[in-house]
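Worksheet for the structure shown next.
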Amino acid sequence: MDFKVVVWDFDGVIFDSMHLKCAGYQRLFGDVSAQAWQAFEQYHYSSGGISRGEKIDYFYRHILGTPLDAHQVDALVLEFGKIIAKELFSKSHLNTEVLGFIQAHYQYYPFHVASAALHTELQLLCEFLEITPYFKSIEGSPPAKVKVVARLIKQHAYVPEQMVLIGDSHNDYLCARENGIAFLGYNNPALKTLIKSAERVGYLESFKAFNLQDCAAFFANQ
């Protein structure tokens, strides 16, 4: 199994700010019941690859039962960005093992970032982290990640069979499947259950022995 193009999820793979964002949501939602907060916290950690607008909408619509209109959601998205901005811009959240792999291979393979993070914020963050030169493109939301990847394939005339998406969530897997590209789970052991039931799906424990030219060992039973 030989890949020529890698699409990287950002948060949870290259960068780890899920805990920081969880605290940000708690501040944003304010004084809600412990039951409501626990329901959202579980949803947040199990729903990587989903934009903050979708998460905010889910909280009010499905947990509190008080849906917001689009303008209200957009306002809360902006407020959330202000809450987390100071702590988000820190190199301490970078995954050094993943970054080392990227630095060693970016000159030989087209690397792209496809994230559910807010596009403008993601662009600024990657510039701050000094990782922008490692990627051919860095795209956030909107639109949804599945559309970002579809656009990548079309714009660069990529062959889906020669691509792999590396992500840490079930939504990342769904994005890969929808676009006909392989998926490698990382940093989320729950994704190992996909290996036996889905095609072109693998799991990566570490990047230390990972080789894009020979990935068969990471795709058990494929």
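Computed from a predicted structure; not experimentally measured. Excluded from the calculations below are hydrogen atoms, water molecules and symmetry mates; all remaining heavy atoms, backbone and side chain alike, are included.
- The main-chain N or O of Val5 is never found under 3.5 Å from a side-chain atom of His112 such that the two would form a donor-acceptor pair.
- Contact check on Arg52 versus Glu79 returns no salt bridge, with no Lys/Arg side-chain nitrogen under 4.0 Å from an Asp/Glu carboxylate oxygen.
- Ser90 places no side-chain N or O within 3.5 Å of a backbone atom of Glu87 that could act as its donor or acceptor partner.
- Arg200 and Gly180 get closest at one heavy-atom pair: NH1-O, 3.3 Å.
- Using a 4.5 Å heavy-atom cutoff, the side chains of Val113 and Cys126 are not in contact.
- The aromatic rings of Tyr109 and Phe111 lie parallel to each other, their planes meeting at an angle below 30°, with 60° marking the opposite boundary.
- Remark: side-chain polar atoms of Ser47 are not paired, donor with acceptor, to backbone N or O of His44 under 3.5 angstrom.
- For the pairing with Tyr134, the ring pair (Phe, Tyr, Trp, His ring centres under 6.0 Å) check across Tyr106, Trp8, Phe101 returns one residue only, Tyr106.
- The same ILVMFWY cluster, assembled from side-chain heavy atoms under 4.5 Å apart, contains both Phe3 and Leu204.
- Not one N or O on the side chain of Arg27 forms a donor-acceptor pair closer than 3.5 Å with the backbone of Ile84.
- Using modelled atom types, one side-chain atom of Gln123 and one backbone atom of Ile138 make a donor-acceptor pair closer than 3.5 Å.
- Within the 3.5 Å criterion, the main-chain N or O of Ala176 finds no donor-acceptor partner in the side chain of Asn179.
- Summarising the geometry of Gly53 relative to Val73, their closest heavy-atom pair is O-CG1, 3.6 Å, with the distance given to 0.1 Å.
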Next on the checklist: For Lys91 and Glu130: C-alpha separation, side-chain torsions, deciding distance, then whether salt bridge (Lys or Arg N to Asp or Glu O under 4.0 Å) applies.
Outcome noted: CA-CA 9 Å; Lys91 292 183 179 180; Glu130 300 179 291; 2.5 Å; yes
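- Within 6.0 Å of the CD atom in Gln103, the count of heavy atoms belonging to other residues, nucleotides or ligands exceeds 12.
- There is no side-chain donor-acceptor pair under 3.5 Å between Ser115 and Glu139.
- Between the side chain of Asn95 and the main chain of Ile14, no donor-acceptor pair closer than 3.5 Å is present.
- Ser141 places no side-chain N or O within 3.5 Å of a backbone atom of Ala144 that could act as its donor or acceptor partner.
- Looking at heavy atoms from C-beta onward, Leu99 lies out of side-chain contact with Phe15 at the 4.5 angstrom threshold.
- In terms of heavy atoms, Leu20 sits closest to Leu88 at CD1-N, 3.7 Å.
- Residues Phe10 and Leu122 are in side-chain contact: their nearest non-hydrogen atoms beyond the backbone lie under 4.5 Å apart.
- The two atoms that bring His19 and Tyr45 nearest to each other are CA-OH, 3.3 Å, heavy atoms only.
- Ring planes of Phe29 and Phe59: parallel class, angle under 30° (limits at 30 and 60°).
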Checklist entry - Which is it for Tyr173 and His170 under the ring-ring contact (aromatic ring centres under 6.0 Å, His included) test, yes or no, and what are the steps along the way? => result CA-CA 5 Å; Tyr173 158 67; His170 191 263; 5.5 Å; yes
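- Salt-bridge annotation for Glu205 and Lys192: present, with a side-chain N of the basic residue lying under 4.0 Å from a carboxylate O of the acidic one.
- A distance of 6.0 Å or more separates the ring centres of Tyr203 and Tyr186.
- Counting only distance, with no hydrogens or angles, the side chain of Asn188 and the backbone of Asp168 share a donor-acceptor pair below 3.5 Å.
- The shortest heavy-atom contact between Glu121 and Gly81 is OE1-CA, 4.1 Å.
- Other residues, nucleotides and ligands contribute over 12 non-hydrogen atoms within 6.0 Å of the CD atom of Gln155.
- With Glu54 contributing its side chain and Ser51 its backbone, the two residues share a donor-acceptor pair below 3.5 Å.
- Contact between Leu64 and Ala36 at its shortest, heavy atoms only, is CD2-CB, 4.0 Å.
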Next on the checklist: Quick one, Arg177 with Glu199, criterion salt bridge (Lys or Arg N to Asp or Glu O under 4.0 Å). Give me CA distance, side-chain angles, the key distance, then yes/no.
Outcome noted: CA-CA 9 Å; Arg177 187 182 68 178; Glu199 295 183 0; over 6 Å; no
